[in-house]
Structures are given as structure tokens and as C-alpha cells.
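Notes follow the structure.
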There are 2 protein chains.
Amino acid sequence: MNNERQPATPNPLLQLENQLCFPLYALSRMITKAYQPLLQELDLTYPQYLVFMLLWEHQELTVKELGEKLLLDSGTLTPLLKRLEQKQWITRRRDPRDERSVIIGLLPAGQALQERACRIPESIAARLNMSKADFETLRRQLNTLLTQLA
Amino acid sequence: MNNERQPATPNPLLQLENQLCFPLYALSRMITKAYQPLLQELDLTYPQYLVFMLLWEHQELTVKELGEKLLLDSGTLTPLLKRLEQKQWITRRRDPRDERSVIIGLLPAGQALQERACRIPESIAARLNMSKADFETLRRQLNTLLTQLA
DNA sequence: TCTAAATTAATTGTACACAATTAAACATTG
DNA sequence: CAATGTTTAATTGTGTACAATTAATTTAGA
């Protein structure tokens with residue numbers, strides 16, 4: 001395109017490359033996209049993979065707990081979990097001691113996915129051309145910002 | 001929940017807190033959420049705001065150029081841009097020199113949004129408890145990773 | 001030139017993401 | 001114990017995201 005005409009007031013604060021938000025937003029999507037071919041082999045989406053990472057560690061979690069850990073609400077989780085239930089990878093049942101809560105549990109097929117997922121983290125790490133130290137520093141910095149906003 | 005039962009093979013590589021992807025994914029959403037109340041006053045969503053940041057700078061861009069800069073495809077941009085067109089904030093027209101291309105232009109009402117958006121970046125920066133140096137370092141690191149993956 | 005290949009948007013279908021509302025179950029308090 | 005308020009999921013509606021396909025146009029090659 002012709003970019004001859006310049007804006008009346010070029011405001012560097014309103015330029016994409018000077019923001020933190022944009023590279024964060026774009027990088028998040030690019031990383032998700034990098035997982036996609038690996039997750040496709042397991043018939044998983046990226047948010048579904050995150051749910052399983054938690055279930056593989058804890059076996060059982062309520063929707064509320066999943067939401068707290070993933071910072072997602074029931075409007076996102078409920079349909080996602082129903083899809084996983086339909087595939088017979090997880091169970092959804094009300095907590096008999098508190099009928100408001102829904103407990104999500106792992107079925108054997110869901111548990112079995114873990115073995116196949118084992119290589120994914122290293123495979124992604126290899127793609128990121130970073131030293132282990134840089135990786136750790138960045139991870140901690142992002143987590144600090146995250147707790148600051150959440 | 002009862003987390004008494006432990007997994008057969010607790011794999012630290014498959015734990016959320018050891019990933020880079022998760023804080024990136026969550027932080028990206030949290031930052032978008034931090035923009036939301038500010039953008040709501042302008043009747044804008046976050047991706048729409050990104051489109052306007054580019055249009056305020058360049059006046060006119062094709063859908064292809066917007067997609068390259070934002071790393072978004074036409075399946076995302078076309079409906080988003082049609083909504084902005086309906087609000088009379090932008091124009092969409094075919095390039096007469098290449099009828100395949102669609103040129104997006106700013107209408108006065110869309111241009112006028114810029115003045116109201118001016119305070120948003122500082123307002124967000126104030127929320128992030130970071131030094132200017134840390135901000136810059138992080139921004140550059142994210143951009144490096146971004147170009148590495150894109 | 002005429003056709004095959006490439007480019008560009010749009011469309012279609014699936015899956016998040018989240019605000020707002022609803023409804024059921026539980027807790028609290030007078 | 002009854003009324004009120006709180007917690008928890010589910011539902012509804014809007015708006016991204018993106019893979020895959022389609023259609024129109026342009027470009028390049030024989």
C-alpha cells in the first residue's frame with residue numbers, strides 16, 4: 001500500500017512496536033500454533049491440553065479449581081469439558097457433599113494420553129532458541145506480572 | 001478437593017508452572033482484560049484497538065498488510081473489519097489496480113477515536129509495576145521470540 | 001496468447017473467551 | 001426455622017481465532 005500520507009499526530013505511545021501487549025498477544029497465539037501439530041496427533045486443542053496437565057497431576061479437580069488455576073471461567077470450561085466427556089476421556093459428576101460443585105475426573109483413555117504427551121514440552125523448548133537460564137528468567141518474569149494482574 | 005491420590009508418574013515437564021506457554025497464554029488474556037474497561041468507553045474490543053493503532057499510523061492498509069502486521073488471517077479480520085465498517089469508522093473497498101485486494105481506510109469517526117485512546121497506554125503501564133528498563137527488556141525479549149516463531 | 005499456477009479475500013465450521021444472566025444449592029442471620 | 005445473601009455451574013450472546021475450502025483475479029510460462 002501507499003503509506004505516503006502521514007497521520008496528523010504520530011503518537012509513538014500508540015504504535016504497535018512500542019507496546020508490551022501486542023508481542024504478548026501475538027506470541028501467545030504463535031506458541032499455541034506451534035503446539036498445534038503436536039497436539040493434533042492426540043486430538044487435543046491447546047486449552048484442553050492445559051486441562052489435562054492439571055488432571056494428570058491431580059486426578060480430580062472441580063470446575064472451580066480448574067478455573068482458578070487456568071484463569072478461565074465456566075463459560076469457557078463447561079463446553080470444553082463436555083467435549084472431553086463425550087470422548088470418554090474425563091468424567092463430570094456433582095460432589096455429593098456439595099451439589100453445587102462439579103468434579104472432573106480422569107478416565108483411563110484420558111490418563112493414557114499422558115504418555116503420548118510426554119515429548120511435547122521438550123519438542124517445543126527445542127523450537128525456542130533459548131538458553132535454559134533465559135527460559136527461567138522469562139518464565140519467572142511473566143509469572144510475576146501474572147500474579148500482579150490476576 | 002482431595003488431592004490425596006498422586007499420579008503414577010508425576011512429570012515435572014508436564015506441570016503448568018514449569019511451562020513458558022501457560023504464563024504467556026494467561027498473561028495475554030489478563031492484559032486484554034485490563035484494557036477492557038478502558039476500551040469499553042470507546043466501544044472497542046482489544047483486537048479492534050490493535051487494528052486502529054495501525055490505521056492511525058498508516059491511514060490506509062490492505063487486509064493482507066493488516067494480517068501480516070497483526071499475524072491474523074482473513075478469517076479473523078474480515079468479520080472484525082465488517083463490524084467496524086458498519087459503525088462507520090472505516091471503509092472497505094477493492095483496490096482498482098488489483099481487485100483481489102481490499103483497502104481499509106479511516107473515516108472521520110475512526111480517526112477521532114485516536115484522541116480518546118491516547119491515555120490508554122500510560123494507564124496500562126501504570127498498572128504494571130515495572131521499571132521502564134524492565135519493560136523494554138521484556139518487550140525486546142518477547143519480540144525476539146516472536147520473530148523466531150513467525 | 002492461452003493456460004496453469006499463485007495470490008488474495010471471503011466463507012464455513014469448530015472451538016475458545018468472556019460478560020451477563022439464571023438457577024440451584026448452601027450458608028447465615030435474625 | 002424462615003428469609004436473605006452467597007457460591008457455583010450452566011446458559012446465552014457476542015466476538016475473536018484459525019483450519020480448510022472456495023472464488024475471483026493476477027501472474028507466469030509454454
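Since the model is a prediction, treat every value here as computed from it, not as a measurement. Numbers restart at 1 for each chain; the letters A, B, ... are given by sequence-line order, proteins then strands.
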Requested in this report: For nucleotides 10-22 of chain D, just jot down a letter per nucleotide in 5' to 3' order: B, S or -, based on protein non-hydrogen atoms under 4.0 Å.
Outcome: BB---SBBBB---

**Report entry** Gap between atoms CG and P, on A/L66 and C/dC16 respectively (whole Å)
**Finding:** 14 Å

Query - Sidechain N-carboxylate O distance under 4.0 Å for B/R140, B/E136 - result: yes

Query raised in the report: For atom CZ of A/R127, is the number of surrounding heavy atoms from other residues, nucleotides or ligands below 6.0 Å larger than 12?
Result: no

Query raised in the report: Does any non-hydrogen side-chain atom of B/I103 lie less than 4.5 Å from one of B/T91?
Result: no

Report task. Provide, to the nearest angstrom, the distance between the CG atom belonging to A/D98 and the C1' atom belonging to D/dA9. Result -> 11 Å

Query - A/R119 atom CZ: more than 12 heavy-atom contacts under 6.0 Å - result: no

Query - Electrostatic pair A/K64:A/E68 at N-O distance under 4.0 angstrom - result: yes

Report summary line: From NZ of B/K64 across to C1' of C/dA9 the rounded distance in Å is 12 Å

Query raised in the report: C/dA27 P sits how many Å from A/E99 CD, rounded?
Result: 12 Å

Query raised in the report: Within this structure, what is the CG-to-P distance between B/L70 and C/dA9, rounded to whole angstrom?
Result: 13 Å

Query raised in the report: In whole angstrom, what separates A/L84's CG from C/dA15's C1'?
Result: 12 Å

Query raised in the report: Are A/R29 and A/Y25 in a cation-pi contact, defined as NZ or CZ under 6.0 Å from the six-membered ring centre and within 45° of the axis?
Result: yes

Requested in this report: For A/L50 and C/dC16, give me the distance from atom CG to atom C1', rounded to whole Å.
Outcome: 12 Å

Query raised in the report: Rounding to a whole Å, what distance do you find between A/D95:CG and D/dA9:P?
Result: 10 Å

